Amino acid sequence: MDARFLGIAELAETPSVAVVVDVMRAFTVAAWAFGRGAEKIVLAGSLDEALALKDRHPDWVALKDGPPAPGFDAVNSPGRLRSLDLGGRTVVQKTTAGTVGALAVRDASLVLCAGFVGAEATARVLRERGCERVTFVVTGEDGRAEEDLACAQYIAHRAGGVPADAVAYLRRAAESRAAFELTTGVREGVHPDDVELCLELDRFPFAMVATEEDSLMVLRPHTPVPPAGGAAD
């Protein structure tokens with residue numbers, strides 16, 4: 001598999017297949033939302049759009065980065081979200097990097113959104129669809145976020161059937177700038193368990209696929225078919 005690793009600003013053209021990676025915390029939160037029963041996640045392009053969607057659909061759950069704010073129901077924290085019952089609900093998500101990256105590649109033929117919590121399922125989708133050229137969008141820190149790059153490289157190795165030592169990739173993420181900021185209070189809207197939850201490898205059995213639905217970019221869970229004889233080495 002030919003894998004490219006680019007920041008959002010480096011996307012000079014629309015890729016055919018894109019894996020948008022935001023470990024801390026957008027797509028860990030998205031996975032937890034589905035784990036808590038959410039039906040779909042609408043990726044908003046701005047805070048104003050998120051609030052407008054919430055205004056039109058009062059039963060939707062709107063979340064954002066940072067501290068709680070009027071009009072929003074939750075913040076972008078897996079530790080805080082995991083206690084919510086989202087059964088059958090639609091979530092509207094707006095974050096600083098993850099949702100921006102997904103919207104930047106909305107015209108790709110396949111868009112997957114990923115973190116460590118669904119890494120193997122994401123790699124399996126790439127394998128089962130025979131993706132030969134994949135662009136991994138490293139969303140954090142203008143494409144330099146170590147936790148996102150580590151996750152992207154790990155998924156790329158798994159998708160190519162290459163043995164990969166997950167411990168080494170997780171260690172890189174644990175020592176990242178984002179992990180430091182989350183654990184030392186630099187960022188707001190944080191739960192003490194956020195970093196640990198973001199580094200929980202393959203917590204969920206599904207990947208997350210984003211597609212256009214009624215002019216909105218919508219994320220839904222997708223559980224790939226398990227390979228015969230077990231997972232790839």
Side-chain angles (χ1 to χ4, degrees), residues 20-103 106 111-118 139-140 145 147-148 151 173 178-179 181-200 203-211 213-214 216-222:
V20 187
V21 182
D22 190 329
V23 173
M24 298 184 187
R25 296 165 284 171
F27 298 137
T28 300
V29 167
W32 268 99
F34 290 127
R36 298 299 299 160
E39 178 184 352
K40 64 182 180 182
I41 298 174
V42 176
L43 304 177
S46 68
L47 294 175
D48 286 343
E49 181 186 356
L51 288 173
L53 288 167
K54 172 69 175 180
D55 187 57
R56 293 200 299 270
H57 306 277
D59 58 323
W60 288 10
V61 178
L63 66 86
K64 59 177 280 294
D65 274 338
F72 287 90
D73 305 287
V75 296
N76 193 47
S77 162
R80 296 189 180 196
L81 196 76
R82 63 181 171 176
S83 63
L84 298 182
D85 180 3
L86 298 174
R89 305 287 294 277
T90 293
V91 174
V92 180
Q93 185 181 36
K94 169 66 180 86
T95 69
T96 305
T99 58
V100 175
L103 291 168
R106 66 189 305 162
V111 178
L112 295 163
C113 295
F116 280 111
V117 292
T139 60
E147 73 283 1
D148 293 341
C151 183
E181 291 180 349
L182 288 171
T183 55
T184 57
V186 173
R187 300 190 188 185
E188 296 183 275
V190 177
H191 187 279
D193 294 339
D194 277 356
V195 171
E196 180 182 352
L197 293 173
C198 289
L199 300 180
E200 193 173 9
R203 172 65 177 78
F204 299 103
F206 52 80
M208 297 183 293
V209 180
T211 57
E213 298 183 21
D214 298 325
L216 297 174
M217 193 66 166
V218 175
L219 194 62
R220 293 183 184 271
H222 170 78

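The shown structure was predicted, so the numbers you read here are calculated from the model rather than taken from an experiment.
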CG-CZ distance between L197 and F116, expressed to the nearest 0.5 angstrom:
14.0 Å
Evaluate the side-chain proximity of P78 to R25: yes if any heavy-atom separation is below 4.5 Å, no if none is.
yes
Does some side-chain heavy atom of V111 sit less than 4.5 Å from a side-chain heavy atom of V209?
no
N76 side chain to K64 backbone, donor-acceptor under 3.5 Å:
no
Assess whether a salt bridge exists between R82 and D193, defined as any Lys/Arg side-chain N lying under 4.0 Å from an Asp/Glu carboxylate O.
yes
Value rounded to 0.5 Å, distance of SG in C198 from CH2 in W32
11.0 Å
First locate atom CG of L63, then atom NZ of K94, and finally report the distance between them rounded to the nearest 0.5 Å.
11.0 Å
Could you check whether any side-chain heavy atom of R80 comes within less than 4.5 Å of a side-chain heavy atom of P68, counting everything from C-beta outward?
yes
Using a 4.5 Å cut-off on heavy atoms from C-beta on, say whether the side chain of F34 contacts that of M208.
yes
Between the main-chain N or O of V117 and the side-chain N or O of R203, is there a donor-acceptor pair closer than 3.5 Å?
no
I need the S83 OG to H191 NE2 distance, nearest 0.5 Å.
7.5 Å
Any chance the side chains of T95 and D65 put a donor and an acceptor closer than 3.5 Å?
no
pair L51-F72: side-chain heavy atoms closer than 4.5 Å
yes
Say you draw a straight line from CG of D22 to OG1 of T28; how long is it, rounded to the nearest 0.5 Å?
7.5 Å
I'd like to check V91 versus L86 (side-chain heavy atoms, cut-off strictly below 4.5 Å). Are they in contact?
yes
Measuring only between side-chain heavy atoms, which start at C-beta, is V42 closer than 4.5 Å to Q93?
no
Where the side chain of D148 meets the backbone of A145, is there a donor-acceptor pair that is under 3.5 Å apart?
no
Return yes if some donor-acceptor pair links the side-chain N/O of K54 with the main-chain N/O of W60 below 3.5 Å, else return no.
yes
Kindly say whether V21 contributes a backbone atom to a donor-acceptor pair with the side chain of T139 at under 3.5 angstrom?
yes
Taking C-beta and beyond as the side chain, do T90 and I41 meet within less than 4.5 Å on heavy atoms?
no
Between the side chains of D85 and R36, is the shortest nitrogen-to-carboxylate-oxygen separation below 4.0 Å, so that they form an ion pair?
no
Kindly give the heavy-atom pair with the smallest separation between R187 and M24, and that separation in Å.
NH1-O, 3.3 Å
